[in-house]
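Throughout, protein chains are lettered first and strands after them, A, B, ... in sequence-line order, and every chain is numbered starting at 1. Computed over heavy atoms, backbone and side chain alike; hydrogens, waters and symmetry mates excluded.
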Protein chains: 2
Amino acid sequence: MEHVAARAGVSRALVSIVFRGVAGASEATRERVLAAARELDYRPDTRASRLGSSRTRTLGVTFSVGHAFHGDLLESLYTHADAAAYELVLSGVTPSRSEAAAVETLLAERCEGIILLGSSQETAQLERLAARLPVVSVLRPVPGGEVGVVRTDDAAGLRLSVEHLRGLGHRRIAFLDGGRTAGAAERRRGYRTAMRRSPPLTEMVLPGGVSELEGAEAARAFLGIGPRERPTAVAAFNDRCAIGFVDVVRQAGLHVPGDVSVVGFDDITEAGYPHVALTTVRQDAERLGAEVVRTLADRLDSGSPDQNIGTTPAAPVVIEPELVVRASTAPATRRGARS
Amino acid sequence: MEHVAARAGVSRALVSIVFRGVAGASEATRERVLAAARELDYRPDTRASRLGSSRTRTLGVTFSVGHAFHGDLLESLYTHADAAAYELVLSGVTPSRSEAAAVETLLAERCEGIILLGSSQETAQLERLAARLPVVSVLRPVPGGEVGVVRTDDAAGLRLSVEHLRGLGHRRIAFLDGGRTAGAAERRRGYRTAMRRSPPLTEMVLPGGVSELEGAEAARAFLGIGPRERPTAVAAFNDRCAIGFVDVVRQAGLHVPGDVSVVGFDDITEAGYPHVALTTVRQDAERLGAEVVRTLADRLDSGSPDQNIGTTPAAPVVIEPELVVRASTAPATRRGARS
DNA sequence: GTCACGAACTAGAGCGCTCTAGTCATCATC
DNA sequence: GATGATGACTAGAGCGCTCTAGTTCGTGAC
């Protein structure tokens, strides 16, 4: 910085002004400084600038590495954080690196707010964290109102699934459960509600899970059911689970959607591939990301300067999902499952 | 820090000593400081500590968000960086956030070294970057020797594929190409070499790609070939491509491995799921990560203090892949494709 | 008793920025 | 021509650490 200042013939303070993009430098000087910086291949040290300023304008994000939908969310977060003049610092969660450890590094970075994608921490822990700084839990609802929440209306999503299948004439509709994953309880609840509407249908919850593997296992349980009692349709916890289910069911000689209709959840990229063509409930990653940044930025930018603690989070933001009908669902046949 | 020092009745310098874990504090004081810190919920500010010290002990990583194999690599990198007392800072690449932009933020963080997972930048750009600081390209070979490289022996991997299929009696073996992706050229070369060994077989390269989508498209091209000329085995650029291929081929009524054997590449988690059971060439994410950290740490820790420029990278580290035989390959039948 | 020595601890100058409180022209205003 | 305003710029005190160059004190050797 010193060198750039010298080369441009100005003070260090002026260089700072130019790089922060604030008012206080003439157009001519601004260009001279930028030119000098370019020649010296200089770029401001983010560590130092964050240290110097009262605000770090930094948002920490924990995410599961390799998780497809988290990838989609990150993309949206990057875009909107950038637009709101915030920087993102990522902290990955892996089987050997816990979410708590990931959060710890974010705190040490002095992030102003923390974004947790699909958090698996206990509510009490989240509340303790939220007492220190603004926290928003994405995808996973957190009761109590201390922790900000941005999520899809999971229950409504499953209602869409079930109503769609009902409308196609299905009466035996199973749900492939998601266990303790973020959002699973709500989806299960949505399934139950929809099944109890008139005319009420017999509920059937099969243990499922988050990945293709668990979908495949659920399919084996499904195939173990006698053809006459077998559900003619299945709503899965998510797309990957649905895809694993379809794979195994097809390998067993059944047809999808001829013998069994399947609906997923998320609308991951793969679900839209022509050879997969999964009917699913779309979560809008783009909007989720936008809302996360908006709620956090609102809290941070409005709060009394350097005193974010005390600003309460806005009410949970719940985004309505949308049914995307593709080729994995079809009208129920009279005789139920064939073969 | 001030507060912790006051509470423990020592100087700020002593607190620093304790938190850095260096010698110079008695056991009793150490505990007193730690206790005070715990009570005040204090943790050192990483920005400030990096600023203060000559070394940042920070490694920057660019990766594709949502890319399964990058996720596996990140996990390994986290583990080994931690063991070598380095910190990782992640910078995600998305369709709307270029690799160059990702690198830019890493430079601004003053990372000591940069790790590029599956870089898609041009060699010239990589070399320019490598002139500033140690860079290692993972998965993607870079000629010239200026940029460190840690990768799997892609060519050998495809030779393993082809030899395996040859051994099963296959003679018409196609390759689903990976286009311009990292490693694709080497795999294509490995395929060619293996096909030209005695007895030489007729090469057949079908356009493939990196995802299931492209594998599915390749399958359609494959199905368009007359049953008599159709390859009886396929080596795919990667697992996802192989999986898409298998899906479509099965939907068309062919059997895998009965009618066509398929070999993937990577050994992503999904390939090992029982209902997928893909024969594949395993890339060892754990070892790749370990080697990346080792080579970087070697350069950084040995170099003349605060003068990394000039230390040349070690020779490329090439890790031998391993064939994992599962259920997607079987001996060739006399008549080639059935159905 | 004196001295050297090492262990335990401290003072204080950075690190590369930000940002408040200035200085100094220049220009319109009455 | 004195008076502010305004715009362009600078000095210098932080930010929260690290780290060198001390100081202090207890211990053992002689």
Side-chain angles (χ1 to χ4, degrees), chain A residues 1-34 36-37 40-58 85-87 105-112 133 305-308, chain B residues 1-34 36-37 40-58 85-87 105-112 305-307:
Chain A
M1 187 175 192
E2 186 93 42
H3 298 155
V4 175
R7 189 176 190 107
V10 296
S11 68
R12 286 163 44 257
L14 221 270
V15 176
S16 171
I17 285 171
V18 170
F19 272 95
R20 277 177 296 143
V22 300
S26 68
E27 197 48 45
T29 323
R30 195 171 291 272
E31 298 210 330
R32 206 145 33 83
V33 169
L34 256 17
L40 294 172
D41 198 13
Y42 162 88
R43 81 205 74 217
D45 185 329
T46 47
R47 304 163 310 163
S49 57
R50 284 177 195 159
L51 229 205
S53 78
S54 53
R55 302 273 317 261
T56 62
R57 298 205 71 86
T58 279
Y86 279 91
E87 242 171 279
T105 75
L106 294 178
L107 289 176
E109 290 276 359
R110 298 296 189 265
C111 293
E112 295 186 352
L133 81 177
D306 93 335
Q307 185 63 16
N308 302 313
Chain B
M1 186 174 192
E2 187 94 41
H3 298 156
V4 174
R7 188 175 191 107
V10 295
S11 67
R12 287 165 41 257
L14 223 269
V15 176
S16 170
I17 285 170
V18 170
F19 271 96
R20 277 178 296 143
V22 301
S26 68
E27 198 48 44
T29 322
R30 193 170 291 271
E31 297 208 333
R32 206 147 30 83
V33 169
L34 256 17
L40 295 172
D41 198 13
Y42 162 88
R43 81 205 73 219
D45 184 330
T46 48
R47 306 163 307 163
S49 56
R50 283 177 196 159
L51 229 205
S53 79
S54 52
R55 302 274 316 260
T56 62
R57 297 204 72 85
T58 279
Y86 278 92
E87 241 171 280
T105 76
L106 294 179
L107 289 176
E109 291 274 359
R110 298 298 189 264
C111 293
E112 296 187 349
D306 92 335
Q307 184 62 18

Open item on the list: Closest approach to the side chain of A/L51, judged atom by atom: which nucleotide of C/dT10, D/dC17, C/dG16 is it?
Closed with: C/dG16
TODO: Report the distance from atom OG of A/S54 to atom CD of A/E112, rounding to the nearest 0.5 Å.
DONE: 8.5 Å
Open item on the list: Under 4.0 Å, counting only non-hydrogen atoms across every strand here, what does A/R12 touch: a base, just sugar-phosphate, or nothing?
Closed with: base
Open item on the list: Looking at B/R20, I'd like to know whether one of its side-chain N or O atoms comes within less than 4.0 Å of OP1 or OP2 on D/dC19.
Closed with: yes
Task: OP1 or OP2 of C/dA11 under 4.0 Å from side-chain N/O of B/S11 - done: no
- [ ] Any chance you could measure A/E87, atom CD, to B/E109, atom CD, to the nearest 0.5 Å?
- [x] 6.5 Å
- [ ] Inspect the contact between B/R43 and B/D41 and indicate whether a charged nitrogen and a carboxylate oxygen are less than 4.0 angstrom apart.
- [x] yes
Open item on the list: Under 4.0 Å, counting only non-hydrogen atoms across every strand here, what does B/A25 touch: a base, just sugar-phosphate, or nothing?
Closed with: sugar-phosphate
Task: Rounded interatomic separation in angstrom, taking CG from B/D45 and C1' from D/dT18 - done: 13 Å
TODO: Using atom CE of A/M1 as one end and atom C1' of C/dC17 as the other, report the distance to the nearest whole Å.
DONE: 6 Å
Open item on the list: Just the rounded figure in Å: distance from P of C/dT20 to CD1 of A/I17.
Closed with: 11 Å
Open item on the list: Whether B/S26 contacts C/dA8 is assessed here as follows: a side-chain N or O lying under 4.0 Å from the phosphate OP1 or OP2. Is that the case?
Closed with: no
Task: Of the listed nucleotides C/dG16, C/dG12, D/dT10, the one nearest the side chain of B/A13 - done: C/dG12
TODO: For A/R55 and D/dG14, give me the distance from atom CZ to atom P, rounded to whole Å.
DONE: 22 Å
Open item on the list: Under 4.0 Å, heavy atoms only, any strand: does A/V15 hit a base, just the sugar-phosphate, or nothing?
Closed with: nothing
- [ ] Calculate, to the nearest 0.5 Å, the distance between atoms CG and OG1 belonging to A/L51 and A/T46 respectively.
- [x] 10.5 Å
Open item on the list: If you assign B/G24 and A/G52 each to the DNA chain C nucleotide with the nearest heavy atom, which residue ends up on the more 5' nucleotide?
Closed with: B/G24
- [ ] Name the residue closer to the 5' end of DNA chain C, choosing between A/P44 and B/E27 according to the nucleotide with the nearest heavy atom.
- [x] B/E27
Open item on the list: Side chains of A/S16 and A/R20 only: does a donor on one sit below 3.5 Å from an acceptor on the other?
Closed with: yes
TODO: Take atom CZ of B/R57 and atom C1' of C/dC15, then tell me their distance rounded to the nearest Å.
DONE: 18 Å
- [ ] Could you say whether A/T29 or A/A48 is positioned toward the 5' end of DNA chain D, judged by the nucleotide with the nearest heavy atom to each?
- [x] A/T29
Open item on the list: Whole angstroms only, please: what is the CD-C1' distance between A/E2 and D/dT10?
Closed with: 13 Å
Task: Euclidean distance, atom CG of residue A/L14 to atom P of C/dC17 [Å, nearest integer] - done: 15 Å
TODO: Please state whether the phosphate of D/dC15, meaning OP1 or OP2, lies under 4.0 angstrom from any side-chain nitrogen or oxygen of A/S54.
DONE: no
Open item on the list: Please check this pair: side chain of B/R47 against backbone of A/R110, looking for a donor-acceptor N/O pair closer than 3.5 Å.
Closed with: no
Open item on the list: Measure CZ/B/R47 against C1'/C/dC17 and give the value in whole Å, please.
Closed with: 11 Å
Open item on the list: Less than 4.0 angstrom between a side-chain N/O of B/R110 and OP1 or OP2 of C/dC17, yes or no?
Closed with: yes
TODO: Looking at every strand, decide which applies to A/T46 at a 4.0 Å heavy-atom threshold: base, sugar-phosphate, or nothing.
DONE: nothing
